Structure formats: structure tokens, C-alpha cells
2 protein chains.
Amino acid sequence: MSETTALTRQAQKERTRQAILDAALELSGTVGFAQVSLRQVTREAGVVPTAFYRHFSSMDDVGLALVGQSFETLRAMIRDAQRDPDTFADIIDASAEILVRVVKQNKAHFGFVARERTSGSPLVREAIQRELELFISELAVMLARLPNIDSWSGEDVKMASGLFVRNMVYRAEQVIGIPDGRTDLEEDIKRKARREMRLIVLGFRDWKS
Amino acid sequence: MSETTALTRQAQKERTRQAILDAALELSGTVGFAQVSLRQVTREAGVVPTAFYRHFSSMDDVGLALVGQSFETLRAMIRDAQRDPDTFADIIDASAEILVRVVKQNKAHFGFVARERTSGSPLVREAIQRELELFISELAVMLARLPNIDSWSGEDVKMASGLFVRNMVYRAEQVIGIPDGRTDLEEDIKRKARREMRLIVLGFRDWKS
DNA sequence: ACGTTCAGTGAACGTGCGTACACTGAAATT
DNA sequence: AATTTCAGTGTACGCACGTTCACTGAACGT
């Protein structure tokens with residue numbers, strides 16, 4: 001537009017699309033996605049309201065795109081965890097560390113999932129529920145490869161995975177609520193997350209006998 | 001207005017107030033409280049929009065009243081559980097039964113709490129968070145009186161209470177999503193809720209040693 | 001070089017919203 | 001019986017919304 005005209009048409013379009021997504025994500029942080037209006041989003045993105053339709057057919061469409069982006073972030077987190085050598089040394093300590101770090105870096109995405117999981121547009125809500133179920137299954141597969149766990153039944157592994165993920169979502173909600181720089185509160189959340197994960201693992205040990 | 005004029009002014013006012021609350025609760029079930037408008041509520045309640053202000057100063061005000069009503073329902077549930085003789089025979093089985101039964105009977109209130117806990121008006125959200133924390137503490141006090149638990153540390157009891165309540169909220173979300181009459185799905189939820197509660201209790205047994 | 005494509009524009013529309021204000025009429029008070 | 005109170009009415013307002021449509025002009029394909 002004003003500054004760089006050295007952009008191909010396709011790239012410029014993609015840039016605007018992303019600006020709309022970013023605006024929607026940020027605005028939904030303060031007030032919830034469902035009450036963010038199309039006009040607010042385009043205003044924030046720096047385009048005229050009607051330009052919106054060049055990229056999305058409705059706000060629901062935007063919501064679904066944000067679900068996709070958010071779960072990409074989430075999957076990146078477990079990939080991160082799998083690469084980390086500490087994970088194998090002590091999976092619980094490592095998980096708590098990674099959880100807090102990644103959530104802090106991606107407050108918007110995690111907040112979006114936690115918030116819109118239970119409310120807002122039915123379409124967006126269902127998409128999140130589906131993705132979360134899928135994510136739990138994926139994590140279950142990953143857990144099943146761990147020593148000590150490989151002997152559990154499929155249903156048990158899934159149950160453990162579900163407990164971990166729900167705990168993760170809950171702790172993520174808390175991390176998002178923390179003001180920047182309060183590392184003491186972060187440590188407290190890590191501690192509680194570790195305690196709970198340990199408790200669950202401990203329960204499973206006896207569960208099998 | 002039309003039918004019974006045999007009502008005192010105060011009683012009639014209370015009746016309208018409750019009609020507004022009922023309307024708001026029902027409408028928020030399909031779409032989320034924050035997107036329910038003042039005009040929709042009064043339409044549903046059978047009064048003119050401006051009459052709203054005779055009872056509430058804003059929709060936030062209505063939301064807070066609904067939080068109050070919802071937690072009254074929740075507290076009635078644990079009072080119910082405490083009276084039930086089965087509770088002492090097997091607290092886990094009894095809890096699962098009571099949870100499903102009470103949630104089924106009060107879908108609207110439980111749904112309201114589960115939904116508005118993370119989204120919607122900041123005021124309403126914070127009120128729910130506060131009430132939930134309080135509820136967890138109350139349950140912790142109740143749990144601490146149980147045999148086998150009375151030796152745990154305060155923090156441990158609180159942690160167990162938190163795990164139970166979060167599990168309860170999650171299972172309540174599921175019960176609400178069940179179509180009426182699908183007792184098979186209900187039984188499945190009860191089974192899973194029992195498994196998880198048992199797992200947590202099991203973990204605690206070793207935790208202490 | 002030239003015609004086509006299409007991301008972004010700008011004006012206009014109908015609608016539902018929250019809220020103000022002056023009102024009415026029956027219940028409550030005197 | 002006369003007066004006051006006040007829950008509910010009806011009109012009217014300005015505003016933000018989603019969506020329509022005809023448009024512009026730079027990047028693109030030829």
C-alpha cells in the first residue's frame with residue numbers, strides 16, 4: 001500500500017489475511033471471540049470492512065482458522081518435548097517446564113483454546129473439542145511408548161492422557177492469568193502441576209496390581 | 001397482569017425478576033451469556049425492555065445473580081451427598097451417582113458455570129472463579145473429616161479437592177451434552193468418573209508413605 | 001504494450017441494540 | 001376516600017453492526 005510495493009500480489013493477500021487473524025486473536029483475548037465483530041477486526045487489521053470477504057466468508061471461518069493455528073502451536077509443544085533429552089530423564093519435570101515456557105510464549109493461542117472450548121460459536125467449540133480429543137489420542141500413543149507404561153491397557157493410557165491434557169489446559173489457564181515477570185507464581189504452578197502429575201502416575205502404579 | 005391480580009406488589013415484582021433470570025439462563029444455554037441481549041431477555045420474560053431496569057442495572061448484574069443461584073444448586077448437591085448414607089459406605093460410587101443425577105436435573109445451572117467460567121463478561125467470570133475456589137476449599141474441609149484422609153496435610157487435601165472439583169466440572173460438561181434418555185452414555189460417564197476418582201485416591205495412599 | 005484479474009475501497013441499506021424520558025394505573029399508605 | 005408509590009408501558013434517539021454493490025488501480029498474464 002504505502003511503504004513496500006515490492007510485494008507480490010499473493011504475498012500481500014496472505015499478509016492481510018494474517019493481519020485479520022492476528023487482530024481477531026488479540027481482540028478475542030479481552031472479550032471472547034464471539035463478541036468480536038467483523039468491523040472491529042478489519043479496523044484493527046487496517047482494512048475496510050468489506051475487504052474481509054476477500055479472505056473469509058464469516059467470523060466463524062476466522063474462528064476455525066484460529067483453531068487450526070492454535071493446535072499447530074500445541075503440537076509444536078509436544079514435538080518440542082519429545083526432542084528434549086530431559087524428557088526421558090524425568091518426563092514430569094520436563095513436562096512442567098515445557099508447559100509453562102510454551103504457554104508463556106503463546107498466551108494468545110492457549111487462551112483461545114481454553115476460552116472458546118466451552119463457549120462462543122458452536123462451530124468453533126465443536127472444532128476445538130474434536131481437536132482436543134485427537135490431541136489426547138496422540139499423546140496416548142506417545143505415552144504408550146514409554147517404559148513402565150507399555151504394559152497398560154489402551155483405555156488406561158487414554159485415561160492418563162486425558163487427565164494430563166485436562167490438567168494442562170487448566171494450568172495453561174492459570175499461566176495466562178499471571179502478570180509478566182512473576183516467576184514466583186510460575187514456579188508455584190509448575191510445582192502444583194508436577195505434584196498432580198506425580199500423583200496420577202503413582203495411582204497408576206498400584207492400579208495395575 | 002392479565003390473569004391473577006391476587007398478587008401483592010412485592011410478589012409480582014419478584015415473579016418478574018425471576019422470569020428475567022430464567023429467560024437469561026435459558027437463552028445463554030444456546031449461545032453464551034455474553035451474547036444474550038437485554039431486549040431478548042425481556043422479550044422472553046414477557047415485559048417491555050425498559051422494565052428491565054426496575055430489577056437490574058445491567059446484564060452483568062443478571063449474570064452475577066445467576067452465579068449466585070448456580071452455586072446454590074452446587075452446594076445443595078454436596079449437602080445432598082453428605083446426607084446420603086451411601087456416601088460413607090463408598091464415597092466414590094455415591095459421588096458419581098449424585099453428580100450425574102444432580103447435573104441432569106440442573107443442566108442449565110451447571111452449564112452456566114462450566115461455560116461462563118472461562119469466557120464472557122470479566123465480572124461474571126471472576127465471580128465464578130472466586131466461587132469455585134471457595135467451593136474447593138469447602139469440599140476440602142468436608143474431605144478432611146473423612147477417615148484415612150484426616151492425616152493428610154492441608155495442602156494435599158486441597159489438591160485432592162481441586163482435582164475432584166475440576167473432574168466434576170469436566171464430567172458435568174459431558175453430562176450436559178448427553179441427549180435425554182441415553183442412560184448408556186450416562187453409565188459410561190459414571191464409570192469414567194469413578195475410575196478417575198479411584199485413581200486419584202490410590203495415588204494418595206502411596207503419596208503419604 | 002495491453003487487456004484481465006482481483007485485493008481493497010467507499011457509500012448506502014436495514015436491523016437490533018442500550019438507554020432516555022414522560023406516561024399510566026393499580027396497589028399501598030394515609 | 002384521597003394521596004402517594006412504583007412496576008410496567010410506549011416512543012424515540014443515536015449507534016454499531018453485517019452485508020450489498022459498483023468502483024479503482026496496481027500486479028499479472030499474454
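Letters A, B, ... mirror the listed sequences (proteins, then strands); counts begin at 1. All values reported here derive from a predicted model rather than from experimental measurement. Values below: every heavy atom of this structure, side chains too, minus hydrogens, waters and symmetry copies.
OP1 or OP2 of C:dC17 lies within a sub-4.0 Å distance of a side-chain N or O belonging to B:S37. Contact annotation: B:Q10 does not reach the phosphate of D:dC6 (side-chain N/O to OP1 or OP2, under 4.0 Å). The side chain of A:Q40 contributes an N or O atom lying less than 4.0 Å from OP1 or OP2 of D:dC17. For A:T16 and C:dG8, the shortest distance from a side-chain N or O to OP1 or OP2 is below 4.0 Å.
Inter-residue side-chain proximity for A:D86 and A:D93 is flagged as unmet; no heavy-atom pair is nearer than 4.5 Å. Using a 4.5 Å heavy-atom threshold, the side chains of A:E72 and A:R75 count as separate.
The aromatic rings of A:F135 and A:F71 lie perpendicular to each other, with more than 60° between the two planes, well past the 30° mark.
Expressed to the nearest 0.5 Å, how far CG of B:D84 lies from CZ of B:R101 amounts to 7.0 Å.
Considering only side-chain atoms of A:Y53, the nucleotide from C:dA28, C:dG10, D:dG18 that sits closest is D:dG18. Distance from the side chain of B:L38 is smallest for C:dG18 among the nucleotides C:dT9, D:dT19, C:dG18. Here the side chain of B:T50 is nearest to one of C:dG10, C:dA20, C:dG18, namely C:dA20. Looking at the side chain of B:R9, the nearest of the listed nucleotides D:dC6, C:dT19, C:dG8 is D:dC6. Nearest to the side-chain atoms of A:P49 among the listed nucleotides D:dT19, C:dA20, D:dG8 stands D:dT19. Checking D:dG18, D:dC17, D:dG8 against the side-chain heavy atoms of A:R43 singles out D:dC17 as nearest. Which of D:dT19, C:dT19, C:dT9 sits closest to the side chain of A:A51 comes down to C:dT9.
When rounded to the nearest whole Å, the span between CG of B:L7 and P of C:dA26 equals 16 Å. B:R54 has its CZ atom 11 Å from the C1' atom of C:dA22, to the nearest Å. Per the geometry, CZ belonging to B:F56 stands 13 Å off P belonging to D:dA7, to the nearest Å. The distance from atom NE2 of A:H55 to atom C1' of C:dA7 is 6 Å, rounded to the nearest whole Å.
Judged by distance alone, with hydrogens and angles left aside, A:S58 brings no side-chain donor or acceptor close enough to the base of D:dG18 to form a pair under 3.5 Å. Within 3.5 Å, no donor on the side chain of B:R39 pairs with an acceptor on the base of C:dG16, nor the reverse.
No engagement by A:R17 is indicated, since no non-hydrogen atom pair under 4.0 Å with the nucleic acid exists. Within 4.0 Å (heavy atoms only), A:V47 reaches sugar-phosphate atoms of the nucleic acid but no base atom.
For D:dT30, the paired base is C:dA1 (Watson-Crick or G-U wobble, both distances below 3.5 Å).
Residues that satisfy the side-chain hydrogen bond (donor to acceptor under 3.5 Å, both in side chains) test with B:K107, not counting sequence neighbours, are B:D180.
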